[in-house]
Amino acid sequence: MPADAGLIDLHAHTTASDGVLAPAELVSLALERGLSVLAVTDHDSTDGVRPAIEAAGGTGLSIVPGVELNTDVPRGEVHVLGYFVRPDLAPFQARLAELRRGRFERGRRMVDRLVEAGAPVSWPRVQEIAGDGAIGRPHVAQALIEAGHVATIQEAFERYIGQGRPAYVERVRFGPEDAVRSVLAAGGAPVLAHPVLSAPAMAGEREPMAAALAALEPRLDALQAAGLRGLEVYYGGYAEALIEALERVADRRGLIRTGGSDFHGGARVKAELGGVPIPTAVAEAVVDQLRSAAGR
Ligand code: AMP
Ligand code: MN
Ligand code: MN
Ligand code: MN
């Protein structure tokens, strides 16, 4: 990357999964915001990558191909980002298709549970909302809003589809280490997304943050043994104290520091596209670090 690296954002979604903007629209927004690097990281899909690269052609914006693989663990979720994955690899695409099929079945089962829970939504409508994209709970949440059962996506998760709620359904068996190995097999660099997700810990409250950081250590031991190469240190909503702690974790473990907004568009904006400050030294180094971690 050039020394005059501008804003970079290494975590964003499109309509290929649960983002609201089509890849070309995301690229337009990135250009408006003055980004120099944008990674397209849809859930279980790389379908947004090529259209984004095409839309960015001839502009100053460089697109990093990526993916985000969501996995369930007891009492939580672990999401693994894969950078510079090779979208053309057949076994990788077969794996992604299998994960998307799992999302389809899971969506349908969640709709069944919602009927039982007295908050019926229509499965065809959920599919329509998801369009060609990988089906996710935000699409179910949208249908719940339309049916008048909840007012916001947040409320849909809290009342119905969040982990432990009546219409929650686990995804297909696919663990965090499986996700890391899948990214490696696709020629990509695996990075742990949003390493801390509890709101008080994100806000930097002392005890919750210390507990979250302590819980992260055994997780990182296992993920690094599987081949993890980076940690998403800079993330929408992370307090400075948490970022500083994560910088130390990454440096101590030899993990590449990455960062991004996790932009989805629409009303679900945790951070604006390009809105997560990444130190210049990191922004200048990270793309080359990820590329070489991916063996490119
Ligand atoms: P899924 O991939 O189907 O498990 O759905 C998870 C997605 O839902 C995440 O990637 C976020 O985009 C979104 N999400 C998760 N939790 C919440 C929440 N509490 N409120 C709003 N959106 C959420
Ligand atoms: Mn999402
Ligand atoms: Mn995620
Ligand atoms: Mn994401």
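This chain uses plain numbering: 1 for the first residue, then up along the sequence. Every number for a ligand or one of its atoms is a count from 1 in the order of the listing.
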Query raised in the report: Name of the His13 N, O or S atom nearest the Mn ion (ligand 4)?
Result: NE2
Report task. Check whether any side-chain heavy atom of Leu21 sits under 4.5 Å from a side-chain heavy atom of Thr14, and report yes or no. Result -> no
Query raised in the report: When you check the gap from the basic side-chain N to the acidic O, do Asp88 and Arg50 get nearer than 4.0 Å?
Result: no
**Report entry** Side-chain ion pair, Glu116 and Arg113, N-O less than 4.0 Å
**Finding:**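 Here Glu116 does not pair with Arg113 in a salt bridge, since their nearest N and O are not under 4.0 Å apart.
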Query raised in the report: What part of Arg106, side chain, backbone, both or neither, has a heavy atom within less than 4.0 angstrom of ligand 1?
Result: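 Within the 4.0 Å criterion, Arg106 contacts ligand 1 through side-chain atoms alone.
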Report summary line: Within the 4.0 Å heavy-atom cut-off, what His43 brings close to ligand 1 is side chain
Query raised in the report: Would you call the rings of His11 and Tyr235 parallel, tilted or perpendicular if under 30° counts as parallel and over 60° as perpendicular?
Result: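 The rings of His11 and Tyr235 sit tilted, inter-plane angle from 30° to 60°.
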Which of the atoms of ligand 1 are close to [X], meaning less than 4.0 Å from one of its heavy atoms?
X	result
Ile153	21 (C), 22 (N)
Asn70	2 (O)
Gly136	3 (O)
His264	12 (O)

Query raised in the report: Taking the minimum heavy-atom distance to atom 19 (N) of ligand 1, which of Glu170, Gln154, Arg103 ranks first?
Result: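 Shortest heavy-atom distance from atom 19 (N) of ligand 1: Gln154.
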Query raised in the report: Can you tell me the angle formed at the Mn ion (ligand 4) by OD1 of Asp262 and OE1 of Glu68, to 10°?
Result: 170°
Looking at [atom1] of [X] and [atom2] of [Y], how far apart are the two atoms once the value is rounded to the nearest 0.5 Å?
X	Y	atom1	atom2	answer
Asp47	Leu96	CG	CG	8.5 Å
Leu192	Gln224	CG	CD	10.0 Å
Leu273	Ser28	CG	OG	11.0 Å

Query raised in the report: For ligand 1, is Pro138 a contact, meaning one of its heavy atoms is under 4.0 Å away?
Result: yes
**Report entry** 4.0 Å heavy-atom contact, Arg171 with ligand 1
**Finding:**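 Arg171: in contact with ligand 1 (<4.0 Å).
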Query raised in the report: Is the distance from the Mn ion (ligand 4) to the nearest N/O/S atom of His11 under 2.8 Å?
Result: yes
Report task. Output yes if His194 passes the N/O/S-under-2.8 Å test against the Mn ion (ligand 3); output no otherwise. Result -> yes
Report task. Quick one: report the N, O or S atom of His79 that is nearest to the Mn ion (ligand 3). Result ->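 This turns out to be ND1.
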Query - Under 3.5 Å side-chain donor-acceptor pair for Gln93 and Thr46 - result: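 Yes, Thr46 and Gln93 have a side-chain donor paired with an acceptor closer than 3.5 Å.
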Report task. Ignoring hydrogens and angles, state whether a donor on the side chain of Glu247 or Tyr234 is under 3.5 Å from an acceptor on the partner side chain. Result -> yes
